[in-house]
Structures are given as structure tokens and as C-alpha cells.
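All values reported here derive from a predicted model rather than from experimental measurement.
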Amino acid sequence: MVVLGTPVVAITLTMVFIERAFGIGIFDPALGGDPILFQHLFWFYSHPAVYITVLPAMGVISEVIACFSRRRVYGYTFVALSSLAIAVIGFFVWGHHMFVSGQSVYAGLIFSFLSFFVGIPTAIKILNWVMTMYKGSISLDAPMLFALGFIGLFTIGGLTGLFLATMATDVHFHDTYFVVAHFHYVMVGGGVMGFFAALHYWWPKMFGRMYPEGIAKFAAIVIFIGFHLTFLPQFQLGYLGMPRRYHVYSPEFQVLHVISTGGAFTMATGYFLVAGYLIWSLFKGKKAPMNPWDARGLEWETASPPPTENFLVTPVVTQEAYAFDLPSETYVPGQPPEEHRV
Ligand SMILES: [Cu+2]
């Protein structure tokens, strides 16, 4: 997606430069250009950009949910193939951002129809993650709390996207706070929650230090509550007609704005907490063992942090991935059991 999408936005920026520097009309109507063309090129990149952010996070969530539920990823093939489906379909839906731009209604119909299809692979992932947890032996450590946050928030982000992919409702919601709320449920619920899940899961591996688990759980809950306080009222604001990018508004919107601002401060407190204890742990955290989560996967078969060569001896893989039903094959680096020698 990066290879196919990013050059388009780079070329578009070059065209803007050519227009500004040499007065050649491309997008500016005063020079004979077409501003709608700019929107097409911008969204051709910027819709896939959302999934460029969220797909890696989805990979993290599969890893974390499996580890903290002690189960294989349920329906692994479907979870993996749905990533590919999202990557392909994601390139054919950009026009759902442009229903009110004056693009043809028939183009809008097709973009709307295709946008609903992205919901299918996303729903496959969410349902398979829930099935992975079902009857699993769940432990609610901080990485798992952030992964659960991802599922809860991203699901709301995805479902409210359906209102925006429907032309009739988008005419009402376009350029209102409803869009702001939807966007943050997708990008923070998806990208940031996935990032925090990954950061906590691999922090001991990366730096060889444990972060304080209790404060981390507390911070995860503060961020989750702060997030909802910030962005749930914005759905209501947008529904009532509060446009985005305005700093003056009718008095009846005041209460919802104040709740939203309070939520933003709550969420910021959570973020500062995370930054604080992570930096603290670099110096004062407990030394991390090789495999603090009893996870499966090669990175847990070497020291924390790994030596420059990653492995002092070539490890031999004897288990399928996610073999949480079998004991882990961890061994002391540099002192492997005989069968691990190559
Ligand atoms: Cu989009």
C-alpha cells in the first residue's frame, strides 16, 4: 500500500509546486485547473493511508490477543487473507470522502457500495479475535488491555464509518464533528491503541527492563475512559450539526464541548503517565527475563535485549507458531541444550 499509494501524494505535491512556481493551471480554477482533481488524488492516497497505519496494528493485536488468551489465533488463514483484502479494496473506495464535492452521483453510488465491502474483512478480524479469546485463559496485562481497547474503539470507528459511507446520511454528517469522532475512533482506536499494545508487549524485549505493570494497567484504563469522554460527545455534536474547524458555536453545544475538553485532559494525563513510567523503567525497571509473557515466537528465544547477532547460536524451530498448548522451548542464550546446536 505504501509503494502504490505514497508516490501518488508525492506526485500531487509536485504538481502543486509546479502550479505555484510556474503558474501552470492544474488544480487552481483561476488558472484553468480543477480543484476536484486535487481531492481525487489526495484521497486516492489518504484513504489507504488509514490502513497503512492500522494494518500493522492489526498484526500486533493478533499476536497480543493470542498470547494473553493462551490460544492459537482462531481462523488464522482468514485473519491473514482479510489483511490482503483490506489492502486491495482500500484502493477503490476513496470517493466516499467526496459525496458532496460535486462528483457524479453514479460514481458516488459505486464508491458507497465498495466501501461497505471493506467492512467484511474487518469484521472477520474482529470476530476471529473474539473467538480467539473465547474459552481462552485470559490475563489482563497492560498489552492485553490496550489490545482490548483496540477492539472496542476500532469497532465503533468502523461501524460509524458506515454512516459516512452511506450517501444519504453523509450529506448531513459531512464536515461535522461526527467525522472528527469517527476519524479518531479509527486512528487512535486503531493506530495508537495498537502502538501502545506493541510498545508494552515488546518493551521488555527491546530494552531489557520491565515497566511497572500496575501503573500501566491504570494508565490504559485512564486513556480508554478519557478517549470515550473526548470523542463520544462529538458524535452527538456532529449529529446536531456542529461543523468541524469552528471555534465559535451556538450555546446549546457548550456542555458537550466541555465534556469533550475534559476528556482530552484525562486522556493526556494517561499519555503522560505512560511516557513517565516507560522512561523511568529504562533506568529503574526490573531486569526483564527472556520471555516475560511466556509468549511463543523466535524473538522470545533470545536475551532481552537481544545481542547484536540476535542469536548466539542458530535456534532450531520445533513448534508450530502459537503453540500455547505446548511448553515453551526457551533456553539460556549461549548455553543451549544439545538438540539446539547446529
Ligand atoms: Cu476513506
Side-chain angles (χ1 to χ4, degrees), residues 1 4-5 8-9 35-55 57-58 78 81-129 150-194 227-228 231-245:
M1 294 183 91
L4 290 176
V8 175
V9 80
I36 302 296
L37 177 64
F38 177 82
Q39 286 198 26
H40 275 293
L41 292 169
F42 176 81
W43 285 116
F44 182 81
Y45 163 74
S46 296
H47 180 84
V50 172
Y51 278 105
I52 289 171
T53 313
V54 171
L55 276 172
M58 288 173 154
F78 285 94
L81 288 179
S82 61
S83 296
L84 276 178
I86 288 170
V88 173
I89 304 169
F91 273 107
F92 297 98
V93 299
W94 78 89
H96 61 209
H97 297 272
M98 299 171 59
F99 290 150
V100 296
S101 71
Q103 87 181 345
S104 112
V105 176
Y106 299 103
L109 264 176
I110 294 166
F111 280 125
S112 174
F113 182 73
L114 288 171
S115 298
F116 280 86
F117 270 89
V118 192
I120 296 170
T122 310
I124 288 174
K125 281 184 189 293
I126 303 275
L127 291 173
N128 278 296
W129 288 328
F150 176 105
I151 294 180
L153 302 186
F154 192 76
T155 303
I156 295 176
L159 288 174
T160 51
L162 299 177
F163 294 81
L164 298 169
T166 307
M167 283 184 358
T169 43
D170 182 69
V171 171
H172 179 71
F173 289 133
H174 190 86
D175 268 348
T176 69
Y177 261 77
F178 191 94
V179 179
V180 178
H182 158 76
F183 176 81
H184 285 85
Y185 269 86
V186 170
M187 295 301 277
V188 178
V192 174
M193 286 290 151
F227 181 87
H228 279 299
F231 293 107
L232 265 183
Q234 295 187 4
F235 283 125
Q236 179 79 357
L237 278 170
Y239 176 73
L240 294 173
M242 171 77 212
R244 62 195 293 199
R245 307 187 181 110

S.K.: Kindly give the heavy-atom pair with the smallest separation between L164 and F99, and that separation in Å.
M.R.: O-CE1, 3.5 Å
S.K.: About how many Å separate CG of L127 and OG1 of T122, when rounded to the nearest 0.5 Å?
M.R.: 10.5 Å
S.K.: Grab the two heavy atoms, one from M167 and one from L109, that are nearest each other, plus how far apart they are.
M.R.: SD-N, 3.6 Å
S.K.: Minimum heavy-atom separation for F154 and I126, please, with both atom names.
M.R.: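 The pair with the smallest heavy-atom distance is CD2-CD1, 4.5 Å.
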S.K.: Are any non-hydrogen side-chain atoms of H97 and Q39 less than 4.5 angstrom apart?
M.R.: no
S.K.: List the steps, then state whether side chain to side chain contact (heavy atoms under 4.5 Å, CB included) holds for L232 with F235.
M.R.: CA-CA 6 Å; L232 265 183; F235 283 125; 4.1 Å; yes
S.K.: What closest approach, in Å, do P48 and W43 show between heavy atoms, and which atom pair accounts for it?
M.R.: CD-O, 3.8 Å
S.K.: Step through the shown structure and confirm whether more than 12 heavy atoms of other residues, nucleotides or ligands are within 6.0 Å of CZ on F116.
M.R.: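 Result for CZ/F116: enclosed.
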S.K.: Quick one: which residue pairs count as a side-chain hydrogen bond (donor to acceptor under 3.5 Å, both in side chains) with a foot in residues 98-113, not counting sequence neighbours?
M.R.: none
S.K.: Just grab all the side-chain hydrogen bond (donor to acceptor under 3.5 Å, both in side chains) pairs involving residues 171-194, residues at least two apart or on different chains.
M.R.: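 Pairs touching residues 171-194 that pass the test: T160-H182, Y185-H228.
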S.K.: Which atom names give the shortest non-hydrogen contact between H47 and G90, and what distance separates them?
M.R.: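 Scanning both residues, the minimum pair turns out to be CD2-O, 3.3 Å.
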S.K.: If we only count heavy atoms from C-beta on, is the W129 to M58 side-chain gap below 4.5 Å?
M.R.: yes
S.K.: I'd like to know whether F91 forms a side chain to side chain contact (heavy atoms under 4.5 Å, CB included) with F44, so could you lay out the CA-CA distance, the side-chain angles of the two residues, the decisive distance to 0.1 Å, and finally the verdict.
M.R.: CA-CA 7 Å; F91 273 107; F44 182 81; 3.7 Å; yes
S.K.: To the nearest 0.5 Å, tell me how far F78 CZ sits from S83 OG.
M.R.: 13.5 Å
S.K.: Kindly compute the distance separating CD1 (I89) from OH (Y51), expressed to the nearest 0.5 Å.
M.R.: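 It comes to 9.0 Å.
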S.K.: Look only at the side chain of S82 and the backbone of K125, and say whether a donor-acceptor pair between them is shorter than 3.5 Å.
M.R.: no
S.K.: With rounding to the nearest 0.5 angstrom, report the NE2 to CG distance, H96 to D170.
M.R.: 9.0 Å
S.K.: How close do F150 and V54 get, counting heavy atoms only, and between which atoms?
M.R.: CZ-CG1, 4.3 Å
S.K.: Heavy-atom distance under 4.5 Å between the side chains of I156 and F231, does that happen here?
M.R.: no
S.K.: How long is the straight-line distance from CD of Q236 back to CE of M242, given to the nearest 0.5 Å?
M.R.: 13.5 Å
S.K.: Once rounded to the nearest 0.5 Å, what's the spacing between atom CG of L41 and atom OG of S46?
M.R.: 10.5 Å
S.K.: Please work out which of the three classes, parallel, tilted or perpendicular, describes the rings of F173 and Y239, given edges at 30° and 60°.
M.R.: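 Ring orientation, 0 to 90° scale: tilted.
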